[in-house]
2 protein chains.
Amino acid sequence: MDERSRRKILDVLRVLSESDKPLGGTRIAHALALAGKDMSQRTIRYYLSITDEEGLTQQVGRRGRQLTSVGRRELETAYVVDKVGFVAARAEALIFGMDFKLRQGRGKVVVNLSVLRAEDLPRAKAVMRRVFRAGYSLGDRLLIGRPGQKVGSYTPGPGEVVVATVCSIAINGVMLDEGVPMTNRFGGLLQVSDHKPLRFTQIINYDGTTLDPLEIFIKGRMTSVSQAVATGEGVIGASFREIPAPAAEKARRLAGRLERVGLGGIILVGRPGQPLLEVPLATGRVGLVVRGGLNPMAAVEEEGIVTTNRAFSQLLPFEQLSRWEEVLA
Amino acid sequence: MDERSRRKILDVLRVLSESDKPLGGTRIAHALALAGKDMSQRTIRYYLSITDEEGLTQQVGRRGRQLTSVGRRELETAYVVDKVGFVAARAEALIFGMDFKLRQGRGKVVVNLSVLRAEDLPRAKAVMRRVFRAGYSLGDRLLIGRPGQKVGSYTPGPGEVVVATVCSIAINGVMLDEGVPMTNRFGGLLQVSDHKPLRFTQIINYDGTTLDPLEIFIKGRMTSVSQAVATGEGVIGASFREIPAPAAEKARRLAGRLERVGLGGIILVGRPGQPLLEVPLATGRVGLVVRGGLNPMAAVEEEGIVTTNRAFSQLLPFEQLSRWEEVLA
DNA sequence: GCAAGAGGCGGCAATCTTGCCGCATACGGT
DNA sequence: ACCGTATGCGGCAAGATTGCCGCCTCTTGC
């Protein structure tokens with residue numbers, strides 16, 4: 001069984017799970033069409049015959065198929081791996097909860113939380129300092145919380161410290177507040193050469209995973225932020241966003257203002273109709289590349305220091321973060 | 001050749017057209033992946049062998065394939081039918097151009113323009129009146145321009161009149177201004193029963209056409225707005241939108257305020273995680289149903305009066321529109 | 001109670017896709 | 001000039017999809 005097919009089967013099962021009555025190919029096809037997925041009735045029946053065999057569904061006379069309890073359970077387990085739109089949804093919720101005002105340079109922003117062992121902190125600080133100094137972070141601030149010091153809703157236990165860094169979706173929040181609707185296209189690894197972005201080597205769409213792409217890449221040690229910082233050649237975390245073409249100029253201006261309040265992170269703003277870093281765009285849209293907020297932690301992890309990262313973690317008032325020069329001294 | 005395959009082939013050709021050098025399966029697959037379309041290299045080569053035969057592409061040694069001039073032309077023609085994202089892009093541009101302020105109830109909004117023969121106007125007015133009175137329109141205003149009276153950038157010629165109605169995407173604009181990012185899911189025909197929405201019977205995704213869905217349905221005489229107005233049972237134009245779940249409450253409040261300023265049109269606001277009118281939603285999103293701004297014109301067309309409609313037409317200051325009771329007297 | 005229509009089912013046979021493979025080039029570096 | 005790597009090509013065959021059909025089984029209206 002093909003990964004692709006499996007996914008389609010899940011789509012079919014999902015429709016069944018949302019209905020209390022048995023459904024047949026036609027109705028299911030209709031429901032899927034509404035969800036933007038085209039599949040012929042015949043194909044659906046074909047899949048259903050497979051799931052029948054697997055015991056996930058069963059026929060109810062000629063009235064259609066129903067999920068069996070096994071099928072229902074299967075769907076729930078599958079959801080864990082395939083919670084489509086989960087990260088995307090969480091991101092949106094957090095963005096909506098922001099109240100950061102560009103003018104005042106204060107208000108709640110979305111942060112990532114990373115936890116590491118207290119004994120590793122000095123080394124980690126040295127690494128992060130290099131990353132911040134080279135401008136490979138998102139913004140110029142962070143917050144380090146020691147045991148007992150509450151950071152948002154997280155309190156590091158004994159022997160732990162927690163590091164809060166601004167999350168790249170905070171940019172979306174600010175843009176939205178300024179009337180620019182920014183959508184996430186994907187997150188991935190960006191190859192840089194001579195400190196300039198070259199192209200994405202790996203991408204993961206936000207709406208296909210339960211983890212932030214960068215978290216995955218950090219865990220997989222697929223980044224080389226330190227090298228990028230040191231030599232200008234390396235692979236860092238970044239994400240690709242889109243905005244409506246008429247908003248491009250405004251976005252460019254906002255990028256500058258963000259920089260000035262300590263939220264710089266927009267590396268590139270494309271031109272209307274032009275692919276950006278080889279990424280094709282729909283007519284009327286322009287692309288942007290934003291640095292990953294977890295890049296400093298990626299560098300830390302590269303040094304062999306164990307970290308636990310939680311992107312899109314929570315909201316924190318920007319004022320609580322301090323400039324890196326102060327914290328990482 | 002299958003419609004589906006044809007579309008995929010166009011995707012492949014499009015990639016080729018954006019490159020100046022010849023490309024092979026691998027690079028094309030990579031580019032398509034960035035665009036969110038998965039296709040194996042092999043499949044792409046398979047398609048390329050087809051287009052080779054059709055003379056749309058040609059091999060350049062072992063360096064890859066290139067579009068021929070025939071292929072380039074083909075792509076352009078195909079674009080007319082398949083200008084993906086064209087309407088969506090236009091809609092976004094217009095939304096971004098709005099400056100309507102909910103508080104003041106004034107500012108530019110997106111309108112549809114409809115042209116009809118002056119001699120039909122009295123009859124049309126009677127029809128539209130019924131639609132507006134029954135609340136099947138978007139908002140309670142419109143503008144009728146006679147020959148010589150400029151409406152936006154359009155001046156009706158002799159014997160013509162032009163009718164401007166508020167376009168349903170104006171709602172998106174207001175929402176955006178209030179910090180709620182609203183995305184268009186699809187437009188379609190909504191079956192109503194007892195004046196209440198029942199379900200969508202036809203849908204067209206915005207990003208797959210060059211025409212506004214409702215325009216198409218009006219031309220095809222597939223609506224029965226008059227009947228809906230008269231008996232409560234019928235089929236009207238409507239569209240389906242989505243917003244982030246945390247914004248649902250705010251949207252509900254805004255719907256009321258919109259109503260009060262004369263921009264009422266939100267028929268339904270869903271509940272987080274619940275399908276709305278059978279339309280499934282991603283986790284963390286809620287659906288909304290908005291009446292089509294062209295419904296009054298649909299009713300007019302149903303009466304056999306010839307109209308030309310242009311949805312997403314242009315921006316017009318809301319103050320220039322008058323309440324229907326005044327204009328349609 | 002009966003006919004019509006909607007919707008469901010699965011066999012069969014075309015097509016469409018894709019994985020696997022062996023082989024040919026193109027390009028950069030030594 | 002020579003080698004290694006990346007990329008390209010298309011044959012073959014196994015799956016995956018889907019159209020076409022003939023045949024059931026409810027529901028509904030009369």
Side-chain angles (χ1 to χ4, degrees), chain A residues 1-13 15-16 19-34 37-54 56-67 191 193 198-202 233 278, chain B residues 1-13 15-16 19-34 37-54 56-68 191 193 198-199 201-202 233 278:
Chain A
M1 173 66 51
D2 190 328
E3 146 81 18
R4 229 181 328 262
S5 311
R6 204 66 222 174
R7 189 169 291 252
K8 291 189 189 169
I9 287 185
L10 285 176
D11 288 333
V12 172
L13 295 187
V15 172
L16 277 184
S19 160
D20 38 354
K21 296 176 307 191
L23 298 179
T26 310
R27 294 151 189 274
I28 295 178
H30 191 251
L32 285 174
L34 289 175
K37 318 191 176 184
D38 291 329
M39 226 180 285
S40 80
Q41 310 178 4
R42 188 65 191 80
T43 306
I44 290 167
R45 283 203 298 278
Y46 162 64
Y47 285 143
L48 286 176
S49 68
I50 294 175
T51 54
D52 271 356
E53 284 202 357
E54 294 177 344
L56 304 181
T57 52
Q58 64 187 6
Q59 284 192 42
V60 184
R62 282 270 160 175
R63 302 197 294 132
R65 306 298 220 291
Q66 250 183 351
L67 274 188
Q191 186 180 349
S193 178
L198 202 58
R199 64 180 182 130
F200 279 94
T201 56
Q202 298 284 331
E233 313 287 316
E278 301 174 28
Chain B
M1 173 65 51
D2 191 327
E3 147 80 19
R4 232 180 326 262
S5 310
R6 204 66 223 175
R7 188 168 291 253
K8 291 188 188 170
I9 287 185
L10 285 176
D11 287 334
V12 172
L13 295 187
V15 172
L16 277 183
S19 159
D20 38 352
K21 295 176 306 193
L23 298 179
T26 310
R27 294 151 189 275
I28 294 178
H30 191 249
L32 285 176
L34 289 175
K37 318 192 177 183
D38 290 329
M39 227 181 285
S40 80
Q41 310 177 5
R42 187 66 190 79
T43 305
I44 289 167
R45 282 203 298 279
Y46 163 65
Y47 285 143
L48 287 174
S49 68
I50 294 175
T51 54
D52 271 356
E53 283 203 356
E54 294 177 344
L56 304 181
T57 52
Q58 65 186 6
Q59 285 191 43
V60 183
R62 282 271 158 175
R63 302 198 291 134
R65 305 302 218 288
Q66 225 171 28
L67 273 188
T68 60
Q191 187 180 346
S193 178
L198 202 59
R199 63 181 185 132
T201 56
Q202 298 284 332
E233 312 287 316
E278 301 174 28

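The sequence lines fix the lettering, A, B, ..., with proteins before strands; numbering per chain opens at 1.
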Measuring from the side chain of [X] (C-beta onward, heavy atoms only), which nucleotide among [options] has the closest atom?
X     : options                : value
B:T26 : D:dC12, D:dT17, D:dT7  : D:dT7
B:S40 : C:dT18, D:dA16, D:dT7  : C:dT18
B:R42 : C:dG7, C:dC16, C:dT18  : C:dT18
A:T43 : C:dT18, D:dT18, C:dC27 : D:dT18
A:Y47 : D:dT17, D:dG8, C:dG7   : D:dT17

Round to a whole Å and report the spacing from [atom1] of [X] to [atom2] of [N].
X     : N      : atom1 : atom2 : result
A:Y46 : C:dA13 : OH    : P     : 17 Å
A:I50 : D:dA16 : CD1   : C1'   : 9 Å
B:R65 : D:dT7  : CZ    : P     : 17 Å
A:Q58 : C:dC9  : CD    : P     : 13 Å
B:I9  : C:dC16 : CD1   : P     : 9 Å
B:Q66 : D:dG8  : CD    : P     : 14 Å
A:R27 : C:dC9  : CZ    : C1'   : 14 Å
B:L32 : C:dT18 : CG    : P     : 11 Å

For the residue pair A:Q41 and A:A29, what are the closest heavy atoms and their distance?
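Minimum heavy-atom contact is CG-CB, 4.2 Å.
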Can you name the closest pair of heavy atoms from B:S193 and B:L198 and give their distance?
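Closest pair (atom of B:S193, atom of B:L198, distance): CB-CD2, 4.1 Å.
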Are side-chain heavy atoms of A:V15 and A:I44 found at a separation under 4.5 Å?
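A:V15 does not reach A:I44 side chain to side chain.
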If you pin A:Q41 and A:R63 to their nearest nucleotides in DNA chain D, which one's is more 5'?
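Of the two residues, A:Q41 wins.
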If you apply the rule side chain to side chain contact (heavy atoms under 4.5 Å, CB included), what do you find for A:I9 with A:L13, and how did you get there?
CA-CA 6 Å; A:I9 287 185; A:L13 295 187; 4.2 Å; yes
Is it the case that D:dG11 (base atoms only) and B:R45 (side chain only) share a donor and an acceptor within less than 3.5 Å, ignoring hydrogens and angles?
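Under the 3.5 Å cut-off, the side chain and the base do not form any donor-acceptor pair.
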For C:dC16, does either OP1 or OP2 sit under 4.0 Å from a side-chain N or O belonging to B:K8?
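So the side chain of B:K8 is outside the cut-off, no N or O lying under 4.0 Å from OP1 or OP2 of C:dC16.
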What's the verdict on side chain to side chain contact (heavy atoms under 4.5 Å, CB included) for B:R65 and B:T51, showing C-alpha distance, side-chain angles and the deciding distance?
CA-CA 10 Å; B:R65 305 302 218 288; B:T51 54; over 6 Å; no
Could you tell me whether B:Q59 contacts a base, only the sugar-phosphate backbone, or nothing, with contacts defined as non-hydrogen atoms closer than 4.0 Å?
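Sugar-phosphate, backbone atoms only, no base.
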